[in-house]
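The analysis underlying the following values was restricted to heavy atoms, covering all of them including side chains, and did not include hydrogens, waters or symmetry mates. Letters A, B, ... are given to chains in the order of the sequence lines, protein chains preceding strands, and every chain is numbered from 1. None of these values were measured; they are calculated from a predicted model.
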Amino acid sequence: MYKTHTCGELRLTDDGKIVKLAGWVHRRRDHGGVTFIDLRDRFGLVQIVLNPEISPEAHQLAESIRMEWVIQVEGVVRKRPEGAENPNLSTGEIEVEVHKLNVLNPAKIPPFLINKDEEADENTRLKYRYLDLRREKMRNNIELRHRVVKFIRDYLDQRGFLEIETPILFKTTPEGARDYLVPSRVHPGEFYALPQSPQQLKQLLMVAGVERYFQIARCFRDEDQRGDRQPEFTQLDLEMSFVEREDVMNLIEDLFIQLVKEVVPQKRILKIPFPRLKYQEAMDRFGKDNPDLRFGMELVNISDLAQQSGFSVFDQAILNGGSVRGINAKGLGDYTRKQIDELTEFVKQFGAKGLAYIAYTSAGEIRSTFAKFLSPQLQQAIFDRMQAEKGDLLLFVADKVEIVYETLGRLRVFLAEKLNLLDPNVLAFCWVIDFPYVVWNEEEKRWDPSHHLFTSPMPEDIPLLDIDPGKARGQQYDLVLNNYEIGGGSIRIHDRQLQEKVFKLIGLDPDVARERFGHMLEAFEYGTPPHGGIAPGIDRICMILAGEPNIREVIAFPKNQAARDVMADAPSPVEEKQLEELHIRVVYPTDSQKS
RNA sequence: GGUCCCGUGGUGUAGCGGCCAAACAUGCGGCCCUGUCAAGGCCGAGAUCGCGGGUUCAAAUCCCGUCGGGACCGCCA
């Protein structure tokens with residue numbers, strides 16, 4: 001054994017013990033006479049002392065040692081001299097007096113500092129990820145992730161769930177995200193696809209009678225990156241038989257309440273039980289189906305008031321079937337014209353033509369883009385409805401309702417960030433339910449499933465599928481946390497006729513449906529229990545719990561925005577021989593196709 | 001496919017037409033120092049400012065292009 005103890009565990013009670021320690025040189029303090037080294041391993045830091053009077057050899061050798069060298073020491077645990085304790089260190093009451101020092105492996109000078117939390121260039125961090133992971137923040141994040149997953153496994157195990165692995169090499173499903181394809185060597189011209197999620201397989205496990213299944217499942221989607229999206233990511237994939245919507249929601253809600261209590265006790269859940277918002281309510285109040293409930297500034301509909309104003313921008317919007325809504329940016333009434341212009345630019349990105357406002361300055365003055373249409377009565381009515389006080393800034397968007405939602409929903413979050421209203425220690429979970437079952441795809445002139453095509457409609461809305469599909473609601477539920485959708489699920493269809501009806505509704509050709517999903521349809525005829533499930537995203541959850549701005553910070557070896565692993569430099573070209581075996585010929589894009 | 005932002009010693013930043021062959025911190029090298037813990041003191045090395053082109057008497061600084069990175073839109077059932 002290289003070590004008898006870890007660097008984090010020695011205490012005053014170990015005083016006098018002979019120990020062996022091994023780890024990395026975190027810092028070295030050479031006083032000419034005595035030399036101190038903070039020795040680090042994954043479990044902590046401990047100060048080791050090299051005294052020439054104890055061991056001249058060790059002290060001599062320590063001269064040459066540099067940061068991040070891997071060393072081993074043998075020595076005696078000593079209580080530190082009076083006044084030399086370090087209260088910032090859990091091992092700060094003791095130190096290890098070194099009798100023997102062993103260099104296990106020297107280290108080059110690292111490209112960034114391991115012992116400081118100073119930001120380093122992310123590209124460099126990714127290239128030397130193994131060094132980045134030594135740093136305290138990343139070590140904590142990776143450990144947090146372990147705690148989260150461990151908690152989930154234990155929690156579900158105690159409740160009768162089985163963790164079952166499903167294939168990584170599976171079948172393409174072109175209706176979702178773009179698939180990652182894997183060519184078959186033994187079947188020329190045929191391909192596996194990496195799963196976008198184990199959706200079909202977990203449903204088939206329900207047909208198989210598993211009843212309670214989960215998996216910490218890797219999922220793959222070949223779409224462009226975002227801070228909260230990687231080409232491969234991890235879901236808690238879960239499915240249960242003989243359950244209704246409430247059953248799944250209640251289980252998951254309790255799981256997260258307990259998880260927070262155990263893994264991040266310093267964080268506070270805003271509301272228990274989690275608020276449940278109907279989709280329409282979420283849109284009306286927050287403009288998004290993933291609302292951040294940590295702050296107010298809710299949208300207010302003033303279409304009826306705006307109608308009387310005579311302000312043509314408002315009239316036009318309403319005449320075209322749109323609406324006029326606003327938010328009260330509390331305390332921004334003294335914003336300058338320039339600052340408001342900035343907000344206007346912001347909403348224009350998302351399709352708004354402009355931003356109307358009423359600034360009620362702290363001095364009590366009114367400034368407004370539609371001042372001359374603002375009769376005292378109208379102004380009062382708007383102020384009443386929006387609870388405006390001196391010092392407030394009322395911001396309005398008049399447009400098609402989708403654009404109003406989109407722009408005000410984003411503006412609301414944008415302002416909250418600016419105003420520092422987003423407390424990272426508060427966890428505002430909520431459920432969003434009663435989603436529309438299908439949404440009209442204008443481009444393709446067809447109905448698209450708003451969740452996925454195995455989702456069951458609300459039983460009472462099934463007749464609507466024939467007469468007015470847009471009005472039907474799905475048995476879908478999204479779990480939302482602080483402005484992120486962290487999981488979506490639904491009660492599934494377990495009846496072949498209904499499933500075929502849905503395929504037809506969304507314009508899936510029966511032959512194509514049989515080819516792609518024949519195994520599902522057939523399975524449904526062999527005694528399928530009612531079932532449903534959910535798939536919370538582990539990366540996003542860990543990101544929020546760790547207070548990180550993107551999921552790369554909670555993934556050991558993430559890819560960059562261009563979907564590249566910059567450490568190993570993947571993807572990479574392959575040998576011609578490999579391509580031959582796979583019956584593949586590469587056709588490179590020409591310059592004109594590239595641009 | 002598109003929009004925006006960034007690119008200065010190893011790292012993080014400053015400089016944003018002449019005062020800059022570039023400043024500060026940290027790291028790195030050397031010397032001094034027996035109780036420090038972000039040790040300290042002294043000395044030193046290290047960037048032609050991502051790359052290419054242009055404007056100008058003069059470019060790290062302005063413009064165009066390009067490469068790299070990031071944020072976002074599209075996309076993500």
Side-chain angles (χ1 to χ4, degrees), chain A residues 26-39 45-54 59 63 66-68 78 80-89 91-92 95 97 108-128 131-132 135 173-179 196-197 199-200 219-231 233 345-346 348-351 406 410 414 435 437-439 441 443 447-455 474 476 485 488 490 502-503 506 508 516 535 537 549-550 552 560-562 564 566 593-595:
Chain A
H26 192 63
R27 250 187 284 271
R28 191 177 66 111
R29 290 178 294 280
D30 183 352
H31 285 242
V34 68
T35 295
F36 301 98
I37 288 175
D38 290 339
L39 189 66
L45 275 181
V46 64
Q47 172 165 285
I48 62 177
V49 188
L50 293 125
N51 192 324
E53 285 159 20
I54 303 288
H59 180 258
E63 293 278 298
R66 292 295 178 269
M67 285 200 288
E68 297 307 311
R78 299 282 187 214
R80 290 198 188 186
E82 204 70 35
E85 301 87 357
N86 184 350
N88 300 321
L89 222 53
T91 57
E95 61 194 8
E97 172 191 280
K108 296 212 292 190
I109 297 159
F112 46 80
L113 293 181
I114 309 296
N115 60 21
K116 275 200 186 140
D117 216 13
E118 187 172 80
E119 276 305 312
D121 177 63
E122 188 170 5
N123 212 27
T124 312
R125 289 178 55 207
L126 290 179
K127 186 170 172 193
Y128 298 93
L131 298 180
D132 193 29
R135 307 212 294 176
T173 50
E175 35 282 308
R178 202 175 288 115
D179 281 321
Q196 297 176 24
S197 79
Q199 182 61 36
Q200 295 182 35
C219 305
F220 305 85
R221 295 179 190 176
D222 186 5
E223 297 293 347
D224 287 345
Q225 310 309 294
R226 287 291 184 281
D228 61 353
R229 272 161 40 189
Q230 283 269 309
F233 60 100
E345 282 313 305
F346 177 79
K348 277 184 175 169
Q349 291 177 70
F350 308 106
E406 171 84 9
R410 286 178 185 272
F414 182 71
F435 280 79
Y437 186 59
V438 285
V439 290
N441 182 333
E443 237 166 78
W447 294 101
D448 282 343
S450 75
H451 186 44
H452 60 58
L453 67 196
F454 303 112
T455 298
Q476 180 195 342
E485 183 205 316
S490 65
V502 168
F503 283 165
I506 63 173
L508 199 61
R516 282 182 200 153
N550 67 66
R552 295 187 297 278
N560 72 4
Q561 193 161 55
R564 194 164 268 291
V566 295
Q593 279 171 309
K594 267 189 208 160
S595 63

Are the side chain of A:Gln225 and the backbone N or O of A:Glu223 linked by a donor-acceptor pair below 3.5 Å? yes
Mind checking whether A:Met67 and A:Leu113 have side chains closer than 4.5 Å, heavy atoms only? yes
Please report the distance, rounded to the nearest Å, between CD in A:Glu122 and P in B:A71. 7 Å
Once hydrogens and angles are ignored, does a donor-acceptor distance under 3.5 Å link the base of B:G68 to the side chain of A:Arg564? no
Please work out if A:Glu95 contacts a base, only the sugar-phosphate, or nothing of the nucleic acid, heavy-atom cut-off 4.0 Å. base
NA contact type, A:Asp30, heavy-atom cut-off 4.0 Å: base, sugar-phosphate, or nothing? base
Check ion pair A:Arg229-A:Asp224 (N to O, under 4.0 angstrom): no
Can you check the distance between B:A38 and B:C76, where both ends of the measurement are the C1' atom (answer in whole Å)? 44 Å
Protein-nucleotide distance (A:Gln561, atom CD; B:G2, atom P), rounded to Å: 14 Å
Non-hydrogen side-chain atoms of A:Asp132 and A:Tyr128 separated by less than 4.5 Å: no
Short side-chain N/O contact to B:C73 OP1/OP2 from A:Arg226, under 4.0 Å: yes
When we call it a touch if two heavy atoms are under 4.0 Å apart, what does A:Thr173 touch: a base, just sugar-phosphate, or nothing? nothing
Flag the pair A:Tyr437 / A:Val502 as yes when at least one side-chain heavy-atom distance between them is below 4.5 Å, and no otherwise. yes
Taking B:G10 as the reference, what is the distance to B:C73 when you measure between their C1' atoms (whole Å, please)? 37 Å
Say we look at B:G9 and B:U48: how far apart would their P atoms be, to the nearest angstrom? 9 Å
Can you tell me whether the side chain of A:Arg229 and the base of B:C76 have a donor-acceptor pair closer than 3.5 Å? yes
Touch class at under 4.0 angstrom, heavy-atom based, for A:Asp224 against every strand present: base
Checking all strands, does A:Arg410 fall into the base, sugar-phosphate, or nothing category for heavy-atom contacts under 4.0 angstrom? sugar-phosphate
Quantified in whole Å, what is the C1' atom distance between nucleotide B:A14 and nucleotide B:A47? 14 Å
What nucleic acid atoms does A:Gln225 come within less than 4.0 Å of, heavy atoms only: base, sugar-phosphate, or nothing? nothing
Separation of B:G35 P from A:Asn51 CG (nearest whole Å): 11 Å
Classify the nucleic acid contact of A:Phe350 as base, sugar-phosphate or nothing, counting any heavy atom under 4.0 Å across all strands shown. sugar-phosphate
Residue whose closest nucleotide on RNA chain B lies nearer the 5' end, A:Asn560 versus A:Arg29: A:Arg29
Counting primed atoms, P, OP1 and OP2 as sugar-phosphate and everything else as base, the B/S/- map of nucleotides 23-30 of chain B against protein heavy atoms under 4.0 Å is ---SSSSS
Assigned partner base of B:G46, Watson-Crick or wobble definition, under 3.5 Å: none
From CD of A:Gln349 across to P of B:A71 the rounded distance in Å is 15 Å
Across all strands, who's sitting opposite B:U3 as a Watson-Crick or G-U wobble pair, both distances under 3.5 Å? B:A71
Using a 4.0 Å heavy-atom cut-off, does A:Asp222 contact any base of the nucleic acid, only the sugar-phosphate backbone, or nothing at all? nothing
Sort out the partner of B:G9 for me: Watson-Crick or G-U wobble, both distances under 3.5 Å, none otherwise. none
A:Arg552 near the nucleic acid: base, sugar-phosphate alone, or nothing, with a heavy-atom cut-off under 4.0 Å? sugar-phosphate
C1' spacing across the pair B:C4 / B:G74, given as an integer number of angstrom: 15 Å
How about A:Gln47 and A:Thr91: do any of their side-chain heavy atoms sit closer than 4.5 Å? no
If we only count heavy atoms from C-beta on, is the A:Leu131 to A:Pro111 side-chain gap below 4.5 Å? yes
In whole angstrom, what separates A:Phe220's CZ from B:C75's P? 24 Å
Looking at every strand, decide which applies to A:Ala120 at a 4.0 Å heavy-atom threshold: base, sugar-phosphate, or nothing. sugar-phosphate
Could you measure between the two P atoms, the one in B:C51 and the one in B:G7, and give it in whole Å? 13 Å
Which is true for A:Pro81 with a 4.0 Å heavy-atom rule: it touches a base, it touches only sugar-phosphate, or it touches nothing? base
Counterpart base for B:A21, defined by Watson-Crick or G-U wobble contacts under 3.5 Å: none
Touch class at under 4.0 angstrom, heavy-atom based, for A:Arg80 against every strand present: base
Between CZ of A:Phe346 and P of B:A71 the distance, given in whole Å, is 16 Å
Are the side chains of A:Glu122 and A:Asn560 in touch, meaning some heavy atoms are under 4.5 Å apart? no
At 4.0 Å (heavy atoms only), tell me whether A:Gly92 reaches a base, stays on the sugar-phosphate, or touches nothing. nothing
Do we count A:Phe36 as stacking onto B:U36 if the rule is ring centres under 5.5 Å and planes under 30°? yes
Does the aromatic ring of A:His31 sit over the six-membered base ring of B:A39, closer than 5.5 Å centre to centre and tilted less than 30°? yes
Who pairs with B:U36 - Watson-Crick or G-U, where each distance is under 3.5 Å: none
Please report the distance, rounded to the nearest Å, between CD in A:Glu63 and P in B:C33. 11 Å
C1'-based separation of B:C62 from B:A45 [nearest Å]: 34 Å
Hits for side chain to side chain contact (heavy atoms under 4.5 Å, CB included) against A:Asp222, two or more places apart or cross-chain, chain-then-number order -> A:Arg178, A:Tyr180
Would you kindly give the CD-to-P distance between A:Glu345 and B:C5, to the nearest whole Å? 12 Å
Is it the case that the side chains of A:Arg516 and A:Gln200 hold a donor-acceptor pair, with the cut-off being a distance below 3.5 Å and no angle test? no
Rounded C1' spacing from B:C49 to B:G41 in Å: 32 Å
For A:Glu68, enumerate each residue passing the side-chain hydrogen bond (donor to acceptor under 3.5 Å, both in side chains) test, keeping only those at least two apart in sequence or located in another chain. A:Arg40, A:Arg134
